[in-house]
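Reading through the structure tokens given below for one structure.
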Amino acid sequence: MPEINRDPDADMVLSLVDLVRYPIADLESGKGAAFLKACQDQMEEHGWCNLDGFVRPEALEALAGESNALLPCAEVLTIKRNIYQGAIDPTLPKDDPRRKEYTHVATQLADDQLPDDTLIQRLYQSELLTDFVRRVQKKEVLHRCADEFQALNVVALHPGSWHAWHYDTTECTVTLLLQAAETGGEFAFLPNSRTAETEDREAVDRLLAGDMSHAKTFGRSAGTFTLFRGGYSLHGVTEVEGAIPRVTAIMTYDEQEGRVISDDINMRIYGDRVKKILADRAATSINA
């Protein structure tokens, strides 16, 4: 079994990804070009692309072990937000379901809590991986998210927890499932429920009222790499059951270089720790 190359100058894709099944290091010809075309077609038709067993078994073991070792230092966040992750729109009727806030509990490591030399951080920083994600989406340019908290996260949902309905703050989110739940913890979504201009409010209202008839779900095994247009499809994770937490790395990309998420959204997601960081920074700026 090949060892993981931890050379700081090496692109981590070459050590962690199963390049026989997923030849993302050469997408110009042959198997690589055919694979890229299949991913693009899947993304265009469905808005998501699932790659089971994307990382090699020994790489997955190392990634999961590393994340589980860091998670005890993470905060347990009780996240309360509406589906848009922002402030409630006061112009909506009081009984409008889009005014409702949803709560879920997660153990979450933000980007600033994931050291640069960790395998997951180095995989996220991979130029080969970023280029693959860009090309699957047929983007002219794509950058890793510049936000100091949201760029890369590791999220653990413990038994009894779920991920509440929401849209992502960027168009496309990429995830790597590091550890699957024993049961439950399925990804659920309402395909293409909005565009940049409008939203299918009838479908969204039905879902928020508990009607799952138009929603889709899929289970994923550990090691699955998923690209998903989370900015345009309302989505969440069903309740985790059993004894094993569901652990996911969330990688965020953006067409606009250097764009960061608003302080309001970051404080809503990350709570007191980030509130203190931003408050201390503001105080230092005033006193400077």
Side-chain angles (χ1 to χ4, degrees), residues 1-18 51-79 104-126 128-130 144-145 147-163 173-187 219-226 237 239-253 266 269-274 276-277:
M1 189 175 290
E3 291 186 1
I4 296 171
N5 181 4
R6 295 178 182 266
D7 184 332
D9 296 323
D11 191 303
M12 199 49 65
V13 156
L14 301 176
S15 284
L16 301 183
V17 175
D18 185 342
L51 304 176
D52 179 62
F54 184 73
V55 295
R56 298 185 289 111
E58 65 274 19
L60 176 62
E61 182 179 355
L63 285 160
E66 177 184 78
S67 295
N68 280 317
L70 289 169
L71 279 165
C73 301
E75 291 185 83
V76 178
L77 303 177
T78 299
I79 301 168
H104 70 266
V105 177
T107 302
Q108 190 154 336
L109 291 161
D111 187 86
D112 66 320
Q113 296 174 297
L114 294 164
D116 290 344
D117 61 352
T118 55
L119 292 177
I120 193 60
Q121 188 69 260
R122 292 191 58 200
L123 180 62
Y124 176 60
Q125 298 295 329
S126 162
L128 288 172
L129 187 65
T130 301
R144 291 179 289 277
C145 177
D147 192 88
E148 63 184 308
F149 306 115
Q150 290 210 29
L152 172 67
N153 280 203
V154 171
V155 180
L157 294 178
H158 291 269
S161 296
W162 60 90
H163 206 150
T173 296
V174 176
T175 63
L176 176 62
L177 186 61
L178 301 175
Q179 182 172 283
E182 191 173 335
T183 56
E186 292 188 330
F187 188 73
R220 296 180 296 166
S221 58
T224 300
F225 188 76
T226 302
V237 176
E239 183 175 346
V240 171
E241 302 172 18
I244 301 173
R246 178 187 190 272
V247 181
T248 308
I250 303 174
M251 305 174 180
T252 304
Y253 300 85
N266 278 334
I269 293 174
Y270 301 105
D272 291 342
R273 185 183 74 88
V274 166
K276 185 177 186 308
I277 290 173

At what distance, to the nearest 0.5 angstrom, does CZ of Arg220 lie from CZ of Arg246? 5.0 Å

Residues Leu70, Gln113; criterion side chain to side chain contact (heavy atoms under 4.5 Å, CB included); working and verdict: CA-CA 9 Å; Leu70 289 169; Gln113 296 174 297; over 6 Å; no

For a side chain to side chain contact (heavy atoms under 4.5 Å, CB included) check, start with the C-alpha distance between Ile277 and Phe149, then their side-chain angles and the critical distance, and finish with the verdict. CA-CA 11 Å; Ile277 290 173; Phe149 306 115; 4.0 Å; yes

Output yes when a side-chain donor or acceptor of Arg122 lies under 3.5 Å from a complementary backbone atom of Met12, and no otherwise. no

What's the shortest heavy-atom distance between Ala156 and Leu71, and which atoms? CB-CD1, 3.9 Å

Tell me if a side-chain donor or acceptor on Tyr124 pairs with a main-chain N or O of Leu129 at a distance below 3.5 Å. no

Which atom pair, heavy atoms only, marks the closest approach of Ala62 to Ile4? CB-CD1, 3.7 Å

Taking every non-hydrogen atom, the tightest pair across Ala151 and Cys145: CB-O, 3.3 Å

For the student: nearest non-hydrogen atoms of Ser221 and Leu177, plus distance: O-CD2, 3.6 Å

Just how far is it from atom OG1 of Thr175 to atom CD1 of Ile250, taken to the nearest 0.5 Å? 7.0 Å

Are Ile120 and Met251 packed together at the side-chain level, in the sense that at least one heavy-atom pair is separated by less than 4.5 angstrom? yes

What do you reckon, is CD of Glu61 surrounded by more than 12 foreign heavy atoms closer than 6.0 Å? no

Report the distance from atom CG of Leu60 to atom CZ of Phe54, rounding to the nearest 0.5 Å. 12.5 Å

OG1 on Thr118 to CG on Leu63, rounded to 0.5 Å: 9.0 Å

Evaluate the criterion side chain to side chain contact (heavy atoms under 4.5 Å, CB included) for residue pair Asp111 and Gln121; output intermediate values, then yes/no. CA-CA 8 Å; Asp111 187 86; Gln121 188 69 260; 3.6 Å; yes

Look only at the side chain of Asp11 and the backbone of Val13, and say whether a donor-acceptor pair between them is shorter than 3.5 Å. yes

How long is the straight-line distance from CG of Leu77 back to OG1 of Thr107, given to the nearest 0.5 Å? 7.5 Å

Side-chain heavy atoms of His158 within contact of Val76, under 4.5 Å: no

Checking the side chain of Glu66 only, and the main-chain atoms of Leu119 only, is there a donor and an acceptor separated by less than 3.5 Å? yes

Smallest heavy-atom separation, Ala106 atom then Leu157 atom, equals CB-CD2, 3.8 Å

So, taking the atom named OG1 in Thr252 and the one named CG in Asn153, what distance separates them when rounded to the nearest 0.5 Å? 7.0 Å

List the steps, then state whether side chain to side chain contact (heavy atoms under 4.5 Å, CB included) holds for Leu128 with Leu14. CA-CA 9 Å; Leu128 288 172; Leu14 301 176; 3.9 Å; yes

Please check: side-chain N/O of Tyr270 versus main-chain N/O of Ala110, any donor-acceptor pairing under 3.5 Å? no

By salt bridge (Lys or Arg N to Asp or Glu O under 4.0 Å), which residues pair with Arg144, not counting sequence neighbours? Glu127

I need the minimum non-hydrogen distance between Trp162 and His104, along with the two atoms involved. O-CB, 3.1 Å

Okay, side chain of Gln179, backbone of Val247: is any donor-acceptor separation there less than 3.5 Å? no

